2 protein chains.
Amino acid sequence: MTLNNHTKKALESLKSSPLKTTKQRVDIIKILFSDGNNHFTAENVHNKIENLGLNISLATVYNCLNQLTENNIIKSVKTSCNKIYFDTNTTSHHHFFCKNSSTLIDIESKNIKISKLPKIPNGKKLDSIEIVVNLTE
Amino acid sequence: MTLNNHTKKALESLKSSPLKTTKQRVDIIKILFSDGNNHFTAENVHNKIENLGLNISLATVYNCLNQLTENNIIKSVKTSCNKIYFDTNTTSHHHFFCKNSSTLIDIESKNIKISKLPKIPNGKKLDSIEIVVNLTE
DNA sequence: ATCGTAAATTAGAATTATTCTAATTTAGTA
DNA sequence: TACTAAATTAGAATAATTCTAATTTACGAT
Ligand SMILES: [Mn+2]
Ligand SMILES: [Mn+2]
Ligand SMILES: [Zn+2]
Ligand SMILES: [Zn+2]
């Protein structure tokens, strides 16, 4: 029951955010960060909650994940399988996506490099670049 | 009413595919390819159909777009706005995505370059790389 | 041309992921 | 301890897409 560093840091971020420290938010953070950096759907988290015998409604899971995202404690990743994944890695990074298992694996920014980029269309500005390297088994 | 080359080629691909040449498929292809390469949601296509006074059910629009995709006459692009876009550009290419207007703009493969890629995780193989350059206005 | 049949079309129901609503409970502060 | 804004919740709503099952159509064979 001793907390790892990821979890401790996330709980501190929660405390210093404008969000209230509720039992549900603490439980969800513990689940998210228990195993190093990881990617979860809301349903994944809800299943873990049920397996632990906890009772948190699915609406709360979604509310919580969205608010943790808004407060930069986690981030969200849209995948080609039309589900939102929540990502404990808040650094700017990219992903492998395995189509067979619908799993995301981090690619650190320093391990991928774009050396040529077309010019940004007039009137728009660059927001971010997302690279997904799709894998099969 | 004279057809452009994109449309002619797509109609030929339809003819040489295992799909039957139905009025609905021909009309949808004409809509898709009428204006050079373009990106459409199923709803976009259905709206155009209605504006033209044609009558094709939404189910048929989806069926048709999915089968054209399976037969490589168009391709589909998943975006971060959780809608599937259908793309008349079947070459391997990447996209600008404007978050404000939810529009896709092609980036030709030759105009973008990845110079460093991490090694593929054991037991998996590379399927494809998707780069989305997100823009704001 | 007509027939037979597999494929296509259709309206509407179902599904899935997610968000919304509105009533109840709770955290944190005074 | 009381107050109040924020959080939680069950369940309804939404939105995109797919499914179902009945009807129609394309097209190869007669
Ligand atoms: Mn989910
Ligand atoms: Mn659509
Ligand atoms: Zn990640
Ligand atoms: Zn495209």
Side-chain angles (χ1 to χ4, degrees), chain A residues 11-31 39-50 52 54-71 73-87 97 102 104, chain B residues 11-31 39-50 52 54-71 73-87 97 102 104:
Chain A
L11 289 173
E12 274 167 40
S13 300
L14 173 64
K15 206 160 288 171
S16 60
S17 82
L19 301 176
K20 290 187 176 173
T21 299
T22 62
K23 179 177 183 324
Q24 289 89 340
R25 286 178 178 153
V26 170
D27 285 342
I28 287 172
I29 284 179
K30 284 180 182 168
I31 286 169
H39 307 90
F40 297 95
T41 63
E43 203 195 354
N44 291 159
V45 173
H46 196 237
N47 286 342
K48 294 221 169 200
I49 285 163
E50 291 186 337
L52 291 169
L54 299 172
N55 255 76
I56 305 178
S57 78
L58 184 57
T60 298
V61 172
Y62 273 103
N63 287 343
C64 178
L65 293 171
N66 286 332
Q67 281 167 316
L68 294 181
T69 301
E70 282 158 24
N71 288 275
I73 297 168
I74 60 179
K75 66 199 271 193
S76 79
V77 182
K78 298 268 180 63
T79 62
S80 57
C81 69
N82 271 7
K83 281 186 231 171
I84 297 173
Y85 280 74
F86 293 90
D87 190 343
F97 181 66
S102 284
L104 288 166
Chain B
L11 289 173
E12 273 168 38
S13 299
L14 174 63
K15 206 160 286 171
S16 60
S17 82
L19 301 176
K20 290 187 176 173
T21 299
T22 63
K23 178 176 184 326
Q24 288 88 340
R25 285 177 179 154
V26 171
D27 285 341
I28 288 171
I29 284 179
K30 284 180 184 169
I31 286 168
H39 307 89
F40 296 95
T41 64
E43 202 195 355
N44 291 160
V45 173
H46 196 238
N47 286 342
K48 294 221 171 200
I49 285 163
E50 291 187 337
L52 291 169
L54 299 171
N55 255 76
I56 304 179
S57 77
L58 184 57
T60 298
V61 172
Y62 273 102
N63 288 342
C64 179
L65 293 172
N66 286 332
Q67 281 167 317
L68 294 181
T69 302
E70 282 159 24
N71 288 275
I73 298 169
I74 60 179
K75 67 199 271 192
S76 78
V77 182
K78 299 267 180 64
T79 62
S80 56
C81 68
N82 271 6
K83 282 186 229 169
I84 297 172
Y85 279 74
F86 293 90
D87 190 343
F97 181 66
S102 283
L104 288 166

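None of these values were measured; they are calculated from a predicted model. For the numbers below, each heavy atom of this structure counts, side chains included, while hydrogens, waters and symmetry mates do not. Per chain, numbering begins at 1; letters A, B, ... match sequence-line order.
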Colleague: Closer than 3.5 angstrom, by distance alone: can the side chain of B:Arg25 be matched with the main-chain N or O of B:Cys64 as a donor-acceptor pair?
Modeller: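 Between the backbone of B:Cys64 and the side chain of B:Arg25 there is no qualifying donor-acceptor contact (under 3.5 Å).
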Colleague: Which nucleotide wins on minimum distance to the side chain of A:Gln24, given the candidates C:dA11, D:dA10, D:dT8?
Modeller: D:dT8
Colleague: Round to the nearest Å and state the distance from B:Ile29 atom CD1 to C:dA8 atom P.
Modeller: 13 Å
Colleague: Round to a whole Å and report the spacing from NE2 of B:His46 to P of D:dA15.
Modeller: 17 Å
Colleague: Tabulate atom names and distances for all N/O pairs under 3.5 angstrom spanning the protein and nucleotides 28-30 of chain C.
Modeller:
unit_1 : atom_1 : unit_2  : atom_2 : d
C:dG28 : OP1    : A:Thr21 : N      : 3.1

Colleague: Measure from the side-chain heavy atoms of B:Lys83 and tell me the nearest of D:dT9, D:dA7, D:dA16.
Modeller: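 Nearest nucleotide to the side chain: D:dA16.
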Colleague: May I ask you to say what B:Asn66 touches in the nucleic acid, namely base, sugar-phosphate or nothing, with a heavy-atom cut-off under 4.0 Å?
Modeller: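 The residue B:Asn66 makes sugar-phosphate contact but no base contact.
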Colleague: Could you tell me how far apart A:Tyr85 (OH) and C:dA17 (C1') are, to the nearest whole angstrom?
Modeller: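 Nearest whole value for this atom pair: 12 Å.
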Colleague: Would you kindly compare A:Cys81 and A:Lys23 by the position of their nearest DNA chain C nucleotide and give the one closer to the 5′ end?
Modeller: A:Cys81
Colleague: Please check the phosphate of C:dT9 (OP1 and OP2 only) for any side-chain N or O of B:Ser57 closer than 4.0 Å.
Modeller: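 Indeed not, no polar side-chain atom of B:Ser57 lies that close.
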Colleague: Using a 6.0 Å cut-off, check whether atom NZ of A:Lys75 has over 12 heavy atoms from anything other than its own residue.
Modeller: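 Counting neighbours around NZ of A:Lys75, more than 12 heavy atoms of other residues, nucleotides or ligands fall under 6.0 Å, so yes.
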Colleague: If we only count heavy atoms from C-beta on, is the A:Leu54 to A:Lys23 side-chain gap below 4.5 Å?
Modeller: yes
Colleague: Nearest to the side chain of B:Ala59, heavy atoms from C-beta on, is which of C:dT10, C:dC20, D:dA7?
Modeller: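 Shortest atom-to-atom distance from the side chain points to C:dT10.
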Colleague: Starting at CG of B:Asn71 and ending at P of C:dA7, how long is that distance when rounded to a whole Å?
Modeller: 13 Å
Colleague: Please determine whether a side-chain nitrogen or oxygen atom of B:Arg25 lies at a distance below 4.0 Å from atom OP1 or OP2 of C:dT9.
Modeller: yes
Colleague: Report yes if some heavy atom in the side chain of A:Leu52 is under 4.5 Å from a heavy atom in the side chain of A:Ile31; otherwise report no.
Modeller: yes
Colleague: Do A:Ser102 and A:Thr79 have side chains that approach each other closer than 4.5 Å (heavy atoms only, starting at C-beta)?
Modeller: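 With C-beta onward as the side chain, the pair stays apart.
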Colleague: If you find the nucleotide of DNA chain D closest to B:Asn63 and the one closest to A:Leu58, which residue's nucleotide is nearer the 5' end?
Modeller: A:Leu58
Colleague: Between A:Val26 and A:Lys30, is there a side-chain heavy-atom distance shorter than 4.5 Å?
Modeller: yes
Colleague: Quick one: are B:Leu14 and B:Ile29 in side-chain contact, heavy atoms under 4.5 Å?
Modeller: yes
Colleague: Between B:Ile56 and B:Asn82, which residue's closest nucleotide on DNA chain C lies nearer the 5′ terminus?
Modeller: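 With B:Asn82 and B:Ile56 compared, the 5'-side residue is B:Ile56.
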Colleague: State, to the nearest 10°, the angle formed by the axis through the first five base pairs of the helix from C:dA1-D:dT30 to C:dA30-D:dT1 and the axis through its last five.
Modeller: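 It comes to 20° between the two terminal axes.
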Colleague: Where the side chain of B:His46 meets the backbone of B:Thr41, is there a donor-acceptor pair that is under 3.5 Å apart?
Modeller: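 Checked: no pair found.
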Colleague: Roughly how far, to the nearest 0.5 Å, is the CD1 atom of A:Ile74 from the CG atom of A:Asn66?
Modeller: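 Between A:Asn66 CG and A:Ile74 CD1, I get 8.0 Å after rounding to 0.5 Å.
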Colleague: Could you give the CG-to-C1' distance, from B:Leu14 to D:dA26, as a whole number of Å?
Modeller: 12 Å
Colleague: Between B:Ile49 and B:Asp27, is any pair of side-chain heavy atoms under 4.5 Å apart?
Modeller: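 The answer is no, as the side chains (C-beta and beyond) never meet within the 4.5 Å cut-off.
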Colleague: Starting at CZ of B:Phe40 and ending at P of D:dT17, how long is that distance when rounded to a whole Å?
Modeller: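 Distance check: B:Phe40 CZ to D:dT17 P gives 15 Å.
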Colleague: What is the separation between atom CG on A:Asn55 and atom C1' on D:dA10, rounded to the nearest whole Å?
Modeller: 12 Å
Colleague: Between C:dT10, C:dT19, D:dT8, which one does the side chain of A:Tyr62 approach most closely?
Modeller: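 Nearest to the side chain of A:Tyr62 among the choices is C:dT19.
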Colleague: What is the distance from NZ of B:Lys15 to P of D:dG28, rounded to the nearest Å?
Modeller: 12 Å
